[in-house]
Every structure is written in C-alpha cells, then in structure tokens.
Amino acid sequence: MHDLKMVREHIDALRAGMRRRGVLDALSPTIERAVALDKSRRETIQAVEERKAARNAVSQQVAQRKRGGESADDLQQRSRELGDEIARLDRELGETEAELSTILLELPNVTLDQVPAGGEESNEVVRTWGTPREGTRVVPHWEVGAKLGLVDFERGAKISGSGFIVFRRAGARLVRSLMNLMLDVHTSEHGYEETWVPVVVNRASMIGTGQLPKFEDDMYALKGDDAFLIPTAEVPLTNLYRDEILPESELPKALAAYSPCFRREAGAAGKDTRGLLRVHEFDKVELVRFVTPETSGEQLELLTAHAEKILHLLELPYRVVRLASGDTGFASAHTYDLEVYAPGVGKWLEVSSCSNFTDFQARRANIRYKPADGGRPRFVHTLNGSALAFSRIIGSILEHHQQEDGSVRVPAALSKYLGAERLS
RNA sequence: GGACAGGUGGCCGAGUGGUUGAAGGCACCGGUCUCGAAAACCGGCAUACCGGUGAACCCGGUAUCGAGAGUUCGAAUCUCUCCCUGUCCGCCA
C-alpha cells in the first residue's frame, strides 16, 4: 500500500511507476479518482473536526452550568444540531475513505530504479552458475519419477484432484530430506530463526502481505470461516509482527520456515502444468527478513545468496534473473528469480523468487521499528524469498542428475539426509 | 460447543457519564549528586490524521482505553453485536 502522500505529493512518481509496469493506461482513471478522493477527504475532515471542536466546547459549558445548577437547554439544543451535522459528515467521510482505501490497496508497488521497465521480455539475466546439461536422452521428470516409484500422480488426482501429488518411498523421504537440508543450512549457517507457522491465516494477514483484496480468486478459502490456506509461508511469517514496533537492535530479523503452499492457479490452466511444474499444493522453505529502509537493497543480495547456496549444495545449474517492472509481483519493488535448468523438459524452472518489498507490506501490516537514536517509529522494509520450492527442485534433480541407466544420482549434501546416493 | 471471568499506554495497574490522553508503579531517556557507578532526587517519555509554512522544530485541532454499532448535550465508564484471553465442563489428534 502506498502512503497517501504518494497520491498527494508524488503523484508523478506514482504514475511513472505504473507506466514502468505497463499498467498506467489501465490505472490512470483510478489514480485520478484517488487524487479527487484525497482532496474531498481532507475537506470533509476539516468540516467535521471543526464541528466536533465546537461540540466539545459546548459540552464543557453544559457541564459548567449544570455544576452551577443552571439550565443548559439552549446549549444542549445547539449541541444536538452539531451532532446531526457531525453524523452526516462522518458518514460522508467514511464512504470517501472506504473508496480511497480500496484503491490504495489495489495499486501495485513502485519498482526500484535498477529494475528495467517493460514486461517479461525485458527481464535481465544477471549471473549464471554451472552448466546446463544437454537435453538429448534425458527423460522428463514425471516419467522417471513414476518409473522409480517416487511420485504417484494418479492417486494424488484421485484423493484430491489434479495438481495434487503423492510422494512415495524414497520420493517421500526426498521431501523430508530437502526440508531438513534447507532448514539446517539456513539456521546454522545463515542465522535464521527456525519457525513453524499455521497454514491457515485470517483475512487481515492476507491483506497485510498483499494477497488480498486483489487476488482472492487465487486463494483457497475455508468454507464457514473468513480464513485462507496460505499460498506461501511469507504470509504468516511476515504477519508475525503485524501491528508491532520492533526495537532497532533486533534488526535485521531473519525467520525461516517450512510450509506447504496452496495455490488455486485459477487461469493458469494448460501452462506448464505437466508433472511437478505447476501444482496446487507444494512444499517450500521460506526466508523472511525485517530490515531498516537504508539496508534493504544489500539485504536482498544477501537473501538471494542464501537461496543460491542451496542450489550449490544440490549441484544444480541456475541463472539469476532480475524481473522487469511488468513481471515483478504486485507487492514487490525488486525481485530476483532463481531458475534451474531442467534438461528433460528443456526449460528454466523458477524455483525461487527473492523480493524486496520496501515499505509496501510494512505499511499494510503496520510493522514498524523504533530507531536506536530514539526517533519516532518508522516502517521497516520486508524481504522474502523461497529457499527453495521443493516440487520443481525435485523435478530438476530427477532430470539434471539423471544417469544413462535411468537412475538418479543424489548430491552429497542431500544423500546425507536421504540415506542413499542413488535413486533407482 | 456450553458456563462464568476478563480485555486500559512498551509492561503492570487505578479509574464515580463531565479539564482522564488517561492516577500510580516499572522500564526507558536527560539532568543533579559521585573519581565513576548504584541509590536518591528533579525533569521527560503514545500513536495517527487535519491545518498553520515546502521540509524540520514548534503551535492549534480531531481521534484512539480489544473492534464495530447504539444511548446521551457529553462515553474508558451505560446497552448490543463481534473478536480475543483465562478458568471450568464437554469433545478430541
């Protein structure tokens, strides 16, 4: 969410930000509406507060007269009239603010200067690691996975629906191993606090991180409760400090959690849906950082490096892509995607998305910190990144580490947890 | 799910419908004292929004005692609904 001052004083920056995302044409009327609403809001506030001040003064006089045993009928009548006007103006103000806040909640974040303008075609590969493997003679992961008995697609579809996966035997243990590997590395080497969070959250949390109100159709809602299944552990982790003020001494605060993630993927039908590429429920270890505004740029580099470390350990070649404005998520100001090459499907798979949300989420969720020098509370900057998403990582492992005989080599860092050096 | 009891500032905790944004204490910050520290004493110490200048300091106003609605000239205080917490009962991995 943007500061109202953005609408009032930096409207050109807001417009420029929307233009860079390629959504200015669509949002221009909305922005104009916000400007008008802000103006009318301030006028109404002035009008209503003037009357409230008058009413407060009259009430004092009533109290004074009553103490003196005098009648105050005339003053009470005046106060009643003021009360009627106040009620009317308050109602008007409420409507204005409701509409304004709806608009503010649905405007995406403005991306940072280093983010290229344009859509997906303007994404920049900023670095690569390792060498993508030749695709010939590599079988797609869904075939290997089924053949080795690691994944049971049919029964997943039977018990839950398409896009729900059952992992079996070494496949199931592989999930558990990834979870342990990732959490161990992030907690003992990267300094994250291990956290275990609910996968059901309330509406306020979903608004806080930016999933709602705009993307309600993408979320699984629980019937009978105003609650949702999380699409990522970012939601509970970031909202842990909703409506709180952290001492600066606790920053940067770094949390890591495993969680399953639930996505309806409405409208994504047919797009990269084979095998483990796009599923409704997948597992992920998520990293979240709360930092001071001055450090969020460098903190994003750090967070991204933490996610990359896991790919090094899994010995998977990848590239780091800086998303262009138009491809950057709604709440983010700067995002790096980590993409692993999967030779069986011949594609780069997004296995992590590391983002700096600047104060966009902090403003929505009201997460602040008290500066060490004693100044007034300021909004923190929030960051998060997957490190990493399991299903696509499993797909990549099954393809990249696939051997001539159809078995799959297990990288050393993982075999320690899996208790096997080969899946066969 | 049922029955009670509660939700007040960073924390604890007063509060009779009318100078209560809110006593007191703790914590924190500044000062006096001290070689220094502790203790003691003095002072300070909420947030948001609107306006006064473009910003800062500052000044005026409004709102905020779990959330919302109501009664009233006036609500932390009375009424209703909801949320949350605690205790007991029921159910249960």
Side-chain angles (χ1 to χ4, degrees), chain A residues 1-13 34-101 103-105 196 198-208 222 224-228 236 239-251 253 260 290 293 359 362-380:
Chain A
M1 181 168 66
H2 297 287
D3 190 350
L4 251 187
K5 291 199 183 94
M6 195 79 179
V7 169
R8 195 177 310 151
E9 296 163 18
H10 306 290
I11 189 73
D12 292 335
V35 171
L37 286 168
D38 172 58
K39 184 160 180 286
S40 119
R41 168 178 176 269
R42 282 181 292 151
E43 286 166 359
T44 312
I45 284 175
Q46 283 182 45
V48 73
E49 290 191 350
E50 192 178 296
R51 284 161 180 79
K52 282 181 177 174
R55 182 179 64 181
N56 288 345
V58 171
S59 283
Q60 290 301 328
Q61 291 177 308
V62 172
Q64 230 166 37
R65 282 213 206 159
K66 295 221 162 168
R67 267 196 298 270
E70 300 171 49
S71 156
D73 289 351
D74 55 329
L75 293 176
Q76 292 186 21
Q77 177 54 33
R78 173 71 191 132
S79 186
R80 223 172 276 130
E81 288 163 12
L82 284 167
D84 290 343
E85 287 184 57
I86 288 167
R88 180 178 58 79
L89 290 166
D90 262 341
R91 198 159 42 239
E92 196 178 308
L93 181 61
E95 285 163 13
T96 303
E97 292 194 325
E99 189 183 347
L100 187 55
S101 110
I103 290 177
L104 287 178
L105 284 173
W196 192 278
V199 300
V200 172
V201 296
N202 58 29
R203 181 172 289 273
S205 293
M206 292 290 262
I207 289 172
L222 300 186
D225 289 288
D226 198 22
F228 304 84
N239 278 283
L240 233 36
Y241 294 103
R242 172 151 50 83
D243 293 321
E244 293 196 32
I245 301 175
L246 299 162
E248 184 173 351
S249 57
E250 286 186 25
L251 304 181
K253 184 178 274 296
F290 300 86
D359 63 358
R363 212 174 269 290
R364 290 175 159 244
N366 191 27
I367 306 169
R368 292 173 294 171
Y369 75 99
K370 182 90 176 157
D373 65 15
R376 36 182 47 210
R378 304 173 67 198
F379 288 112
V380 299

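As a basis for the values below, the full set of heavy atoms in this structure was taken, side chains included, without hydrogen atoms, waters or symmetry mates. Chain identifiers are assigned alphabetically (A, B, ...) following the order of the sequence lines, protein sequences preceding nucleic acid strands; residue numbering begins at 1 within each chain.
- Checked against A:Y369 for a side chain to side chain donor-acceptor pair (under 3.5 Å), the options A:E250, A:E244, A:R378, A:K253 give a single hit: A:R378.
- Using the Watson-Crick or G-U wobble rule with both distances under 3.5 Å, B:A38 pairs with nothing in any strand shown.
- Here A:R78 lies out of heavy-atom contact (under 4.0 Å) with every strand.
- Looking only at side-chain heavy atoms (C-beta outward), A:D90 and A:K52 come within less than 4.5 Å of each other.
- B:C26: Watson-Crick or G-U partner is B:G10, with both key distances under 3.5 Å.
- If you check every strand for non-hydrogen atoms under 4.0 Å, A:P247 touches nothing.
- When the P atom is used for both B:A55 and B:G51, the distance is 10 Å, rounded to whole Å.
- In this structure, A:Q60 places its CD atom 11 Å from P of B:G18, rounding to the nearest Å.
- A gap of 13 Å separates the P atoms of B:A38 and B:U32, to the nearest Å.
- Using Watson-Crick or G-U wobble geometry with both donor-acceptor distances under 3.5 Å, B:U62 finds its partner in B:A48.
- Closest contact between the side chain of A:S59 and the listed nucleotides B:G74, B:A48, B:C49 involves B:G74.
- Under the Watson-Crick or G-U wobble criterion, with both distances below 3.5 Å, B:A93 is left unpaired in every strand shown.
- Distance check on atom P: B:C78 versus B:G6 gives 11 Å, rounded to whole Å.
- Using a 3.5 Å distance cut-off with no hydrogens or angles, the side chains of A:Q46 and A:E50 do not pair a donor with an acceptor.
- A:L75 has its CG atom 15 Å from the C1' atom of B:U72, to the nearest Å.
- Nucleotide B:U72 holds its C1' atom 14 Å from the CD atom of A:Q77, rounded to whole Å.
- Under the Watson-Crick and G-U wobble criteria, each requiring two contacts below 3.5 Å, nucleotide B:A55 is left unpaired.
- Looking at which nucleotide of RNA chain B each of A:E50 and A:E97 is closest to, the 5′-most match is held by A:E97.
- Per the geometry, CG belonging to A:L93 stands 11 Å off P belonging to B:C50, to the nearest Å.
- Between A:R80 and B:U72 there is no side-chain polar atom (N or O) within less than 4.0 angstrom of OP1 or OP2.
- A:Q46 contributes no side-chain N or O that forms a donor-acceptor pair with the base of B:G51 under 3.5 Å.
- Among the protein residues, A:V58 comes within range of no part of the nucleic acid, since none of its heavy atoms lies under 4.0 Å from any strand.
- With a cut-off of 3.5 Å on both pairing distances, the Watson-Crick or G-U wobble partner of B:C88 is B:G2.
- No side-chain heavy atom of A:D359 sits less than 4.5 Å from a side-chain heavy atom of A:P293.
- Between A:R42 and B:C49 there is no side-chain N or O to OP1 or OP2 distance below 4.0 Å.
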For side-chain contact (heavy atoms from CB on, under 4.5 Å), just list the numbers for A:Y241 and A:V380, CA-CA rounded to whole Å, side-chain angles, deciding distance to a tenth of an Å, and then say yes or no.
-> CA-CA 11 Å; A:Y241 294 103; A:V380 299; over 6 Å; no
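- Side-chain atoms of A:R65 never come within 3.5 Å of backbone atoms of A:E70 as a donor-acceptor pair (strictly under, hydrogens ignored).
- OP1 or OP2 of B:U62 sits under 4.0 Å from a side-chain N or O of A:N56.
- Rounding to whole angstrom units, CG of residue A:N366 and P of B:C49 are separated by 10 Å.
- Rounded to whole angstrom, the span from the CZ atom of A:R55 across to the C1' atom of B:A63 amounts to 11 Å.
- Only the P atoms considered, B:A67 is 15 Å distant from B:A63, to the nearest whole Å.
- Residue A:R8 places at least one side-chain N or O closer than 4.0 Å to OP1 or OP2 of B:C50.
- Going from atom CG of A:D84 over to atom C1' of B:U72 covers 13 Å, rounded to whole Å.
- Backbone-only contact: A:I45 has heavy atoms under 4.0 Å from sugar-phosphate atoms and none from a base.
- Across the protein-nucleic acid pair, A:L89 atom CG and B:U62 atom C1' stand 13 Å apart, rounded to whole Å.
- With both pairing distances under 3.5 Å, B:A67 is matched to B:U81 as a Watson-Crick or G-U wobble pair.
- Going from the C1' atom of B:U85 to that of B:C45 covers 29 Å, rounded to whole Å.
- Taken from CG in A:L4 to CZ in A:R41, the straight-line distance is 5.5 Å, to the nearest 0.5 Å.
- Residue-level contact check: A:R368 touches the backbone only, with heavy atoms under 4.0 Å from sugar-phosphate atoms and none from bases.
- Rounded to whole Å, the P atom of B:U62 lies 28 Å from the corresponding atom of B:U79.
- A donor atom on one side chain and an acceptor atom on the other are found under 3.5 Å apart for A:S205 and A:N202.
- Remark on RNA chain B: of its neighbouring residues A:A54 and A:D3, the 5'-side contact belongs to A:D3, judged by nearest-heavy-atom nucleotide.
- With C1' as the reference atom, B:U53 and B:G60 are 14 Å apart, rounded to whole Å.
- For the P atoms, the distance linking B:G1 with B:C92 amounts to 16 Å, nearest Å.
- Nucleotide B:G74 is matched to nothing when pairs are restricted to Watson-Crick or G-U wobble geometry with both distances under 3.5 angstrom.
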